[in-house]
K.L.:
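Below you will find the structure I want to go over with you.
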Amino acid sequence: MENEKGASSSTFKMGNSAQERSLPYVPHCYAVPPSYEPRDALDSKSESVPTIDISRLKGSDDERRGVIQEIRLACQSFGFFQIVNHGIDQSILDDALAVAKGFFELPAKEKNKFMSNDVYAPVRYTTSLKDGVDKTQFWRIFLKHYAHPLHRWIHLWPQNPPEYREKIGKFCEEVRILSLEIMGAITESLGLGRDYLSSRMGENGMQVMAVNCYPPCPDPKTALGLPPHSDYSCITILLQNLTGLEIFDLTAHDGSGRWVHVPEVKGVLKVHIGDHVEVLSNGLYKSVIHKVTLNEEKTRISLASLHSLGMDDKMSVPCQLVNDENPVRYRESSFNDFLGFLVKNDISQGDRFIDTLRIKD
Ligand code: OGA
Ligand code: NI
């Protein structure tokens, strides 16, 4: 076989990507430019990230106030926190990870039924970010599908592995309930009240499940699983089987920032503040910039559940958070607006949706 080391991105379209074929080397188009990805910014492997016991949201008024204060601090500093005592059974988490892994182990023919580059498709299998299109490629394979309301979408999901729909469906339902609880705490922490978004995120809200697989990579120093980006959701709840997630701490080193490695602790879920909570808070909370690093031996699986308003429902800055010192800092936008952005822009080169929403002083 001809060596494809120097081949351009278009050689590695889905179905033919280096990661799907387990190539024993990393082609050049997977190499992340050093200017874009300063690796030495990572200065610690054992950094602590905020961890919050959210069972106390259901406790006494004092306990709830305490958790809300912890959430406020985490959203202001990192735009990220981990949650424990979230109430989802370990077996539901384990089953979801196992069945997701099972999907990626299926023969190509089975996975390719869902292959699509259409960002509007409610179910799609693809690789990288936009495979074969973006200048830089990423060592990732994923299945993305809508998940709420479940009965509207579940019949479109894979039927193979046979338990896929049941196990992922259960996970999606439980995580969605959790997302509403957390969003209630977030809006409360902003002084907007617990129900500020409950009807718009409840029945009419969107849930998109990104089921990610990062196969072992022959050169994890060269390639990435996902480039630095923020999520376009209100919040994302993430489950992983192995470490690999890193978040950017904007406040470190007098504002020059640093990468923080997120440890893996069984049963712990991660919460990312997405672009739409940054807008909701008028910039007080920051959507977290995060990336995925790779592993030479093991396959990493992650389930990222993105929760947002309905497809065309626009998130705008609440008037309660605007005054003379705090003018409106962001334009309003919807999930659909984000999809339009995704089609036209290259996230792999650092383009961010949130930057298009900022109103300059
Ligand atoms: C994502 C994402 C992180 C991970 O899907 O947006 O950031 O750990 N995933 O896979
Ligand atoms: Ni993400």
Side-chain angles (χ1 to χ4, degrees), residues 19 32 37 42 49 78-83 93 96-97 100-101 103-104 119 123-131 134 136-147 168 171-172 175 179 206-217 220 223-248 259-266 268-278 286-295 298-308 335 338-339 341-342 345-348 350-355:
Q19 60 276 33
V32 177
E37 226 284 285
L42 173 70
V49 288
F78 284 92
F80 175 88
F81 50 95
Q82 308 196 97
I83 49 175
L93 306 181
L97 282 173
K101 187 155 190 279
F103 174 79
F104 293 108
V119 302
V123 182
R124 64 190 188 104
Y125 169 82
T126 182
T127 60
S128 188
L129 267 169
K130 281 190 285 181
D131 52 12
D134 291 333
T136 307
Q137 295 290 293
F138 299 93
W139 205 266
R140 170 203 192 206
I141 306 173
F142 67 102
L143 183 67
K144 209 171 227 187
H145 52 61
Y146 292 175
I168 298 289
F171 175 77
C172 288
V175 167
S179 76
M206 289 200 75
Q207 178 180 17
V208 178
M209 180 62 60
V211 182
N212 297 305
C213 172
Y214 304 92
C217 176
L224 277 176
L226 268 178
H229 70 283
S230 59
D231 294 347
Y232 53 84
S233 53
C234 288
I235 54 172
T236 300
I237 300 182
L238 184 105
L239 171 68
Q240 61 178 7
N241 70 336
L242 288 176
T243 53
L245 179 67
E246 287 180 19
I247 60 173
F248 196 65
W259 285 104
V260 177
H261 168 87
V262 178
E264 173 49 22
V265 181
K266 201 173 171 65
V268 170
L269 293 170
K270 283 99 180 108
V271 179
H272 298 174
I273 296 305
D275 291 348
H276 274 170
V277 163
E278 182 166 330
K286 295 283 180 280
S287 64
V288 63
I289 295 177
H290 53 286
K291 67 176 178 182
V292 175
T293 57
L294 298 159
N295 186 301
K298 297 185 187 137
T299 298
R300 179 167 178 274
I301 302 288
S302 74
L303 300 175
S305 182
L306 288 83
H307 303 269
S308 49
F335 185 92
F338 169 78
L339 292 177
F341 169 86
L342 189 59
N345 293 275
D346 186 345
I347 292 178
S348 79
D351 293 346
R352 290 184 73 198
F353 182 51
I354 190 84
D355 292 337

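The model shown is predicted, which means the values in this text are computed figures rather than measured ones. Both ligands and their constituent atoms are indexed starting at 1 by order of listing.
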K.L.:
Please confirm whether the backbone N or O of I354 pairs with a side-chain atom of E278, one donor and one acceptor, at under 3.5 Å?
P.N.:
no
K.L.:
Are there any N/O pairs under 3.5 Å between ligand 1 and the protein, and if so, what are their distances?
P.N.:
| residue | atom | partner | partner atom | Å |
| --- | --- | --- | --- | --- |
| ligand 1 | 5 (O) | N212 | ND2 | 3.3 |
| ligand 1 | 6 (O) | H229 | NE2 | 3.2 |
| ligand 1 | 6 (O) | D231 | OD1 | 3.3 |
| ligand 1 | 7 (O) | H229 | NE2 | 3.1 |
| ligand 1 | 7 (O) | H290 | NE2 | 2.9 |
| ligand 1 | 8 (O) | R300 | NH1 | 3.1 |
| ligand 1 | 8 (O) | R300 | NH2 | 2.8 |
| ligand 1 | 10 (O) | N212 | ND2 | 3.4 |
| ligand 1 | 10 (O) | Y214 | OH | 2.6 |
| ligand 1 | 10 (O) | S302 | OG | 2.5 |

K.L.:
When you measure from the side chain of W139 to the backbone N and O of T293, does any donor-acceptor pair fall under 3.5 Å?
P.N.:
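It does not hold such a pair.
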K.L.:
To the nearest 0.5 Å, how far apart are CZ in R140 and CZ in R300?
P.N.:
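Rounded to the nearest 0.5 Å, the CZ-CZ separation comes out at 10.5 Å.
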K.L.:
Work out how many protein N, O or S atoms lie closer to the Ni ion (ligand 2) than 2.8 Å.
P.N.:
3
K.L.:
Can you sort out the partners of F80 under ring-ring contact (aromatic ring centres under 6.0 Å, His included), two or more places apart, ordered by chain and number?
P.N.:
H272
K.L.:
Return the set of residues passing salt bridge (Lys or Arg N to Asp or Glu O under 4.0 Å) with K298 (not counting sequence neighbours), or none when no residue passes.
P.N.:
none
K.L.:
Has the side chain of Q207 got a donor or acceptor atom that lies under 3.5 Å from a matching backbone atom of S305?
P.N.:
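Pair absent, no side-chain N/O of Q207 close to backbone of S305.
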K.L.:
Between R352 and H229, is there a donor-acceptor pair closer than 3.5 Å when you use the side chain of the first and the backbone of the second?
P.N.:
no
K.L.:
Can we call the ring centroids of Y232 and F353 under 6.0 Å apart?
P.N.:
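That pair fails the under 6.0 Å test.
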K.L.:
Atom OG1 of T236 and atom CG of L303: how far apart are they, to the nearest 0.5 Å?
P.N.:
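Spacing of OG1 (T236) from CG (L303) equals 12.5 Å.
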